[in-house]
Every structure is written in structure tokens, then in C-alpha cells.
Amino acid sequence: MPKPSPSPRNVRRESARQTVPRRRNPVIWLLPAFAVVLAAVITAAVVHQQHTGAGGALQNGGPLPADMERNLTQIPETVWDGAPVDGGARLRLAKGAPPAQKPPVVLYIGSEYCPYCAVLRWPLVAALARFGTFSGLALSASSATDAFPNTPTLTMVHARYQSPYLTLQTVELQGNVADASGQYPPLQRLTAGQDALFGRYDAPRSIPFLIIGGRYIQTESPFSPGLLAGMDWRAVAASLQLGTTPAAQAILDTGNELTAAICAVDGGLPAPVCGSAGVRTAAQALPKPAP
Amino acid sequence: MPSTGWDRASFAASLAGLAITVYLSVQHYVAAIPLACSSSGMVNCERVLTSAYAAVLGLPVAVWGAAWFAGAAALSFLSAARAAASWPRYLTLGWAAVGAAVVLRLVYVELAVIGSICLWCTAVHVLVIGIFVIEVLAASGSGR
């Protein structure tokens, strides 16, 4: 039996059903679109991370990664100014110091194995970065077998520093890995002039030793290495951008004090640094030379 | 508690996110409260939460996150209360879309710039994306 042909009216209805699409809410397309964007973001981030090494494994003796260097040497002034002041000046006056040199000399003497030197390098580098530019800094850690083992730090053994305001001299006397006899390998030697200053102002020749412009001396750890326990290099450097952790606050407090001391011997330059609120507060706590 | 299924799910996710972000906010300001998370290796909450990217306009990102989750919870109530109107649904969807866009930015910063992942932050990101998915499905009318 032949199939009856559809009437013209039925054809129009069928056609209408086929040509008028079912109404769908287009927001559902946000889901696949978001999934694609999320995948693209993660892919781009991983590729970027592999190219820049951000977050890559750090090694004792390895170079300072760019992200760490930025965090350490470009601390916002607001963070410097907001650092708490513990009120106890750690710098002391160098009695009978020779007339200040121009430009003033900052001399640091330490050793890589020494946890107290490890502590001092963080605020020292952060403070000096306000006056000039470092290169050649490398990652380091205090001895694994001494007190406060493996305290994260930087080594100055290959560091270079340029500043229009001061001259930096750094001496890392010994490394951080003891040999079979328990001795740490020698790294750098003092010049006769450095040795004379070291012996004159730090009779037991203990490290760290820091003398700023022949006027201010530091021979102790500015804070306990225990504050850096459990932190890695990146965590320490990154924390300086907000200044909220105890370690960051101790580093910034000491850094302001060192900055104030440098300002006191270089004529107060650069003015934006030396005139900042944090440095002015720290300057008030510096020991004053007798009139 | 909102009455529709989508809104109940969105509300529950918002409360979970609010709990995490409040914890991270309090931990930021009260040093005595420990950060229950690894602080070494790839998973390193401390590195992420103390980085330069952990604050916006002087406030920790966690505080902004808590405000966002509080807003999301309130909007899920509004959507349920005004179920007949479409504008609360689209307002909630817009709010969720803003959160999802911010998550994209934060994920990129964690992976590409900081090089570490914060597990608490990841949990928050999953909740934000979950709320976004819920709101898209709700707005598209799926299974309401």
C-alpha cells in the first residue's frame, strides 16, 4: 500500500519544527570556555616556570635566582618603614677610629660555616642594596654539623658590589663543609689593613665582624639563627616583601640599623633612603660619638 | 539554608571557603597560630603566603577571599529567595565569574612566579571554581 503523501499543511509544520532551533541558554558555554582558559593558564605557567627556574630546586653554592634577588634587593620602602624596632642597638662605636675615609668603607669578615654570619648577611645585603648593586651573590648555608645547622644564607665569596656612596670589602675566611679532620677549608685571606682592623676592634678575632666607615662595629649575631630554622632561601627572601614573619621583621630591623649607620658615615646619601622613616628611627638608636 | 539544590551546594561551598580564608587571615595577623602546611619543596604555603603577591592594596589575599566567599553565600540566599527573577541568578553568576578569573591569575602566579603551591590556597581555588560551575549550571537551567 503506497504511503500517503503528506499534505502541504503537515509539510509546513514539519519544516517549522526543523528550522526553529530549540532555545538554549548560552551561559552553559562558559564551562568549556573556562576549562580551556584554565588549561592554557596552567600550561603557560609551567612553561614560564621551566624557562625562568622560578621555584626550581636551589642548591648550596648555586647562583642567586632572579626572583630571590628581586625580593631581597627591592624591598618596598613602606615595608622598611613598617619594620618593628627592638630598641636595642647592636652596633657599637669604634673607639679611637681613624678619620673616616671617602667614600666610607664597609668591611665584612665571616665564614660560610658560621651560623651567626649567616644571619648577618641577610640584613647586610638588603641594606647595602639600598646604596648600590650586587652581583655574584650565591646561595649558601651554615655548617651542617655546627650549631643551628644549615641556616640558609648567601655567600659573599664571589660577590661584587658597586655604589657611588661607599666601598664594600667582604672576606669569607672559610667554607661550610668540614674535611675529615673537622677543619673548614680556607677561602679568602685578609689583607694587612683588614687584619689590623680585625685585631684592633675584635681582639678574639671572632666572626662575624663588621665595621662601617671606621665608626660602627658589629661583632655579634644580630638575632638568633633559630629564627631562620626550617626556612629555605626563597622563603626568607620572599618574606621580606611583606615583612610580617618574625624572621623578616628581625632582618628588616637590623637592615634599618645598618642603613642608618651607613647614612651616618656617607653624608646622608641617598637622601630618600637616609630620610626614610625607618632609617631615621633606627638612627636615633645608634651609639653617639662623644662630643 | 537556601531551598534550591544549586543554591544549597553553592552556599555550602561558600561556607567551606569562608572557613579556610578566615583561618588564613587570622594566621596572617596572629603569629602564634601555626600554618598547618609544608614549608619546604614544591608545596610551600609559607613561601606563597608571605610572598609579594600575598597582599593586595595592603590586605592579605585571604581577607579579600573571605569577603568574596561571604558575598557568594549571601548571593546564594538571594538567588533562592528570588527564584522567579533571573537577575539574582545572573548577579550571582557574575560574582562567581569574577572569583574564577581571579583564581586564574593566582594559579598563574603560584606556578610561574613563586614556583610553589599552597595547599590551602588550592583548596580555596577548587571551591571558587566549584561555585562558578554550580552557578553556570544553575543559570543555564540544568536540573533545577
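Just so it is clear, the model here is predicted, and its values are computed rather than measured. Sequence lines set the chain letters: A, B, ... in the order given, protein chains first and strands last, and positions in each chain run from 1.
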Looking only at heavy atoms, which two atoms of [X] and [Y] are closest? And how far apart?
X      : Y      : answer
A:V41  : B:L104 : CG1-O, 3.6 Å
B:V107 : A:I42  : CG1-CG1, 4.1 Å
B:S140 : A:I28  : OG-CD1, 3.5 Å

Quiz prompt | Interchain contact, A:S239 with chain B, by part (heavy-atom threshold 4.5 Å) | solution =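 Looking at A:S239, backbone and side chain both touch chain B.
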Self-check item: Engaged part of A:A237 at the chain B interface, taking heavy atoms whose separation is under 4.5 Å
Solution: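 It is neither, since no heavy atom gets under 4.5 Å.
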Quiz item: Under the salt bridge (charged side-chain N to carboxylate O under 4.0 Å, His left out) test, which residues partner A:E112, sequence neighbours left out?
Solution: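 With sequence neighbours excluded, A:E112 shows a salt bridge (charged side-chain N to carboxylate O under 4.0 Å, His left out) to no residue whatsoever.
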Quiz item: Mind checking whether B:F132 and A:L30 have side chains closer than 4.5 Å, heavy atoms only?
Solution: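 Sidechains of A:L30 and B:F132: in contact.
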Quiz item: What part of B:L93 lies closer than 4.5 angstrom to a heavy atom of chain A: side chain, backbone, both or neither?
Solution: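 Side chain only.
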Quiz item: Quick check: are there more than 12 heavy atoms from other residues, nucleotides or ligands sitting under 6.0 Å from CD of A:Q162?
Solution: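 At most 12 heavy atoms, drawn from other residues, nucleotides or ligands, come within 6.0 Å of this atom.
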Exercise. Any chance you could measure B:L111, atom CG, to A:T43, atom OG1, to the nearest 0.5 Å?
Key: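 Those atoms lie 10.0 Å apart.
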